[in-house]
Amino acid sequence: MYKSFTMDLAGRELRVDIGRVAAQANGAAFIHYGETVLLCTATASDKPRDGIDFFPLSVEYEEKMYAVGKIPGGFNRREGRASENAILTSRVIDRPMRPLFPKDYRNDVTLNCLVMSVDPACSPELTAMIGASIATSISDIPFDGPISATHMGLINGELIFNPTAEQKKVSDLALTVASTKEKVIMIEAGAKEVPEDVMVKAIYAAHDLNQKVIAFIQNIVDECGKPKHAYESIDTPADMWEDMVAFITPEAMETAVFTDDKQTREANIKEVEEKLAERYAETHPEWVPLIGEAVYKFEKKTVRKMILKDHKRPDGRAITQIRPLAAEIDIIPRVHGSAMFTRGQTQICNVTTLAPLSDAQRLDGLDDNEVSKRYMHHYNFPSYSVGETKPSRGPGRREIGHGALAERALLPVIPSEEEFPYAIRLVSETFESNGSTSQASVCASSLSLMAAGVPIKKPVAGISCGLVTGDTDDDYIVLTDIQGLEDFFGDMDFKVAGTKDGITAIQMDIKIHGLTRPIIEEAFAKTKAARYYILDEVMAPCIAEPRKELGKYAPRITSIQIDPDKIGDVIGKQGKVINRIVDECGVKIDISEEGVVSICGTEPDGINKAIEYIQTIVTEPEEGMFFTGKVVSIKEFGAFIEFAPGKEGMVHISRIAKERIRTVEEVLTLGDIVKVVCLGKDKMGRMSFSIKDVEAYEAKAKN
C-alpha cells in the first residue's frame, strides 16, 4: 500500500504518492500537479567519495518527449543530451537544495526529476522543485529541509501565483522564490523593468505561499520520513588546526590575503601551503594530504573576520565601493558590433552578430509555446581567464546558466521583429575572471548592441552583492561588487540587472539557510545605486544610445508586405522562383505567414533588385505598365519575355519593331534584355507586351 497526500495549490490540486514507485531509492515522490506528473528521487552512496573537498551533489531534470505526445527528432528517435531548459532547471533546483546538506558530507547524492506528463497550466519545473524537496526530506539522507518554491507573475499590476502558460505570455514578471520554513533561500527572476519595491512584495507573497507547502511537506515527512543516517564527517583534525594556526598565525594569514591582485594572493597562499608541507613531512605525514582543505578553512575564517568585524575587504575597498571600471566599443574589426567591459580583474568582450530571421534558433522541447528564439546570448569561460590550463570541452552548465542570465537581463529591451527584423546573437568571451562575469556580460552586451546599431529601448547594467553573516540574524554585512574571494568565502552572490527604470533579471545564490527581509532589501538598494553609477558614469560616456546606422559589415534587411495569397507565387513550384531570386540577387529571403517578406543582403543593389522582382511577381500587370525582361523563347509568331522570375508575357511579331519584319530573329535573339509595355491580356489569356509602343506610352504618361 502507498500513501497519497493532497493540497490545493494556487487553485489546482497537488498530489504526492509515497511508496508507490521507485522503492529502492533513498527517497521517492510520485508527484502530480494538475495533469503534470513527475517522479522525483533522491539517492546517496553508502560511503564518502575519496579525495574530494566538496559535497558531490548532482541534480538531473530529465525531459521526456512523450510527456507532450511527441517523438524525438534525430536519427535515433530518442532523447539526447539535456536541453538548455533542462540544464537551467537543474541549476534552479540545485541552488536552494545544496546549502541544506551538511557542509562536511562527502557521499555522492543524486536528485533526479523525471518529467512524465506536462499540463500547460501546471509548470513541470516548479513541480520538480517541490518533488525534489519531498524526496530528499523523506529519505534517510542528512538534509535540513524541507523547502518549497513558488512562481510569481505580474499582470496589469496584479500578482499571480504559479501562472499558467497563457498567463506567462502576458506577464511582466517571471519570478521563482524558494523558501525554508523560516527564510527565503533562492530567488531567480526575469522582469520587464519591475521596481525594487514591487519585486520585494512579490518575493514575500511567494514566501508566504511557500510556508503552506512546507507545512504540507512536513506532514508527509512526519508520516513517511526515514531516520537520517549517520555519516563520516570529513574535517580538519583539531590538533592539526591548532598547530597550523599557531605556526602560521592569524596576522600572517591576513597579510597573505590582503591584496587586490589575485595572482599575488594565490602565490602567498601557495607559500603558506609549502611551509606547512615542509613542517609536517616528517612529524605528521598523515596531515600532508589535508593541508589544502585546512588552509582553505583558515583563509576563509580570516577573510570573513576581516570583513564582518573589521570592515576590511581583501583588496582594501570600502564596503560599497566598486572596483575600477572601464568600457570600450569597436575593439574588434569587421564584426557587426563589439564592446569590452572591465571591472577590476573581471573582463568581458562581447560581440554582436546580426542575421536574417531564418537564422533564429529552433527549439524542440516540452513547451509548444517556445519553438524558436531570435535573440541568443552565449557565454564562454576559457581556462586562461583564471590562469589555468585546461582543454575546452564545450559549454558546461555554468556557461549555459551565465549566458541565460545575461540573455534574460537584456530581453526586455530587445526591439520586436516588426521594429528590427533580425536574428541577434551575442557572444560574451571571458578574457579575465575574478567575480561576477555574468553581470559584466550584461554591461558589455548593452554596449555591443548599441555599437552595432541595434535599437535597444534602454541600456542595461548588472552588478552583484555579497554577504558575510555572524552568529545572529542581525549580525551581517552586505558587500557591493564582490570579487572571487568574497564569493568563495562569503554567504551570498546576489546578482541584479536592470535599467534606470527597474529590474530585468535576478539570480541569487547563497550558502546559508536563507536570508531575512532586511538583507534582501539592503541588497536591492545597494545593487540599484551601483547600477545607476555604472549606467551614468561608465557606460553613457562610452556610448549613450544606439547608433542610428548599422555597422558597415552588418547585413541590411528590408521588409515589404505582400498579399498572403501571393506567397506561393513568390516561392514557386518546389521553391524554384525564390531560389532563383536568392541566387541572382545575392540575398536571403524570409516570408512570414502574414505575408511579411524580409530581404537580407550586404549590397543595396541586390536588395533593391530582389524587391523589384517580388513586387513585380505579386502585382497583376495592367495596361501601360513598363517592365524590363529577358527574351527566353522565340516562336514564329513572336517572342516570350520573362519580366520577373517565373513570370512571362508575349510580344507578338507585329509589336516588336516599328517597321515590318518577316522573322523575330531579325531583331531579337535569346537572352536579349528589352523594355516592354503591357497591353493587357490577349485572346488566349496571356500577358501581351509591346516593344515598339514603349515610346508612345512613355510620352502619353508624361502628358
Lys309 with Asp475: basic N within carboxylate O range, under 4.0 Å = yes

key: Residue that, paired with Asp481, satisfies salt bridge (charged side-chain N to carboxylate O under 4.0 Å, His left out) out of Lys495, Lys526, Arg317, Arg313   = Arg317

query = Parallel, tilted or perpendicular for His207 and Tyr204, by the 30°/60° rule?
reply = perpendicular

query = Without hydrogens or angle criteria, can the side chains of His377 and Ser428 be said to hold a donor-acceptor pair below 3.5 Å?
reply = yes

inquiry  = Whether Asp260 and Arg323 form a salt bridge (side-chain N of Lys/Arg under 4.0 Å from carboxylate O of Asp/Glu) is what I want to check.
reply    = no

message = With no hydrogens and no angle check, just 3.5 Å: does a side-chain donor-acceptor pair link Asp491 and Thr469?
response = yes

ask   = Are Glu521 and Arg517 ion-paired here, with the side-chain N under 4.0 Å from a carboxylate O?
value = yes

query = Will you find, in the side chains of Ser179 and Asn210, an N or O donor that is under 3.5 Å from an N or O acceptor?
reply = yes

message = With no hydrogens and no angle check, just 3.5 Å: does a side-chain donor-acceptor pair link Gln483 and Asp487?
response = no

message = Could you report the tightest heavy-atom contact between Gly490 and Val468, atom names first, then the distance?
response = CA-CG2, 4.4 Å

ask   = Under the side chain to side chain contact (heavy atoms under 4.5 Å, CB included) criterion, do Ile510 and Met492 qualify, and how do the steps go?
value = CA-CA 4 Å; Ile510 66 173; Met492 176 182 78; 3.8 Å; yes

message = Between Tyr379 and Thr437, do the side chains contain a donor N or O and an acceptor N or O under 3.5 Å apart?
response = yes

request  = Would you please classify the geometry between the Tyr105 ring and the Tyr231 ring as parallel, tilted or perpendicular, with 30° and 60° separating the classes?
outcome  = perpendicular

message = Tell me which pairs pass side chain to side chain donor-acceptor pair (under 3.5 Å) where either residue lies in residues 240-249, with sequence neighbours left out.
response = Asp243-Arg279, Asp243-Tyr280

query = Quick one: does Met199's side chain get under 4.5 Å of Leu173's, heavy atoms only?
reply = yes

Ser464-Asp493 side chain donor-acceptor pair, cut-off 3.5 Å = yes

query = Using the benzene-type ring in the case of Trp, are the ring centres of Tyr2 and Phe30 under 6.0 Å apart?
reply = no

Cation-pi geometry met for Arg15 and Tyr33 (6.0 Å, 45°) = no

query = Any ion pair linking Glu60 and Arg397 (charged N to carboxylate O, less than 4.0 Å)?
reply = yes

query = Ignoring hydrogens and geometry, is there a side-chain-to-backbone donor-acceptor pair from Arg304 to Phe489 under 3.5 Å?
reply = yes

ask   = Do Pro146 and Ile134 come within less than 4.5 Å of each other through their side chains, counting heavy atoms only?
value = no

key: Salt bridge flag under 4.0 Å for residues Asp17 and Lys3   = no

Check residues 91-103 and write down every donor-acceptor pair under 3.5 Å in which the side-chain atom is one partner and the other belongs to a residue at least two apart or another chain.
{"unit_1": "Asp94", "atom_1": "OD1", "unit_2": "Arg98", "atom_2": "NE", "d": "3.0"}
{"unit_1": "Asp94", "atom_1": "OD2", "unit_2": "Arg98", "atom_2": "NH2", "d": "2.8"}
{"unit_1": "Arg95", "atom_1": "NE", "unit_2": "Asp509", "atom_2": "OD1", "d": "2.6"}
{"unit_1": "Arg95", "atom_1": "NH1", "unit_2": "Glu188", "atom_2": "OE1", "d": "3.4"}
{"unit_1": "Arg95", "atom_1": "NH2", "unit_2": "Glu188", "atom_2": "OE1", "d": "2.1"}
{"unit_1": "Arg98", "atom_1": "NH1", "unit_2": "Phe55", "atom_2": "O", "d": "3.2"}
{"unit_1": "Arg98", "atom_1": "NH2", "unit_2": "Leu57", "atom_2": "O", "d": "3.3"}
{"unit_1": "Lys103", "atom_1": "NZ", "unit_2": "Lys511", "atom_2": "O", "d": "3.4"}

query = Does the side chain of Glu232 pick up a donor-acceptor pair with the side chain of Asn107 at under 3.5 Å?
reply = no

ask   = Just checking, any donor-acceptor pair under 3.5 angstrom between side chains of Thr180 and His513?
value = no

query = Cation-pi between Lys312 and Phe258: NZ/CZ under 6.0 Å from ring centre and within 45° of the ring axis?
reply = yes

task = Answer with yes or no whether the side chains of Asn434 and Thr346 bring together a donor and an acceptor at under 3.5 Å.
result = no

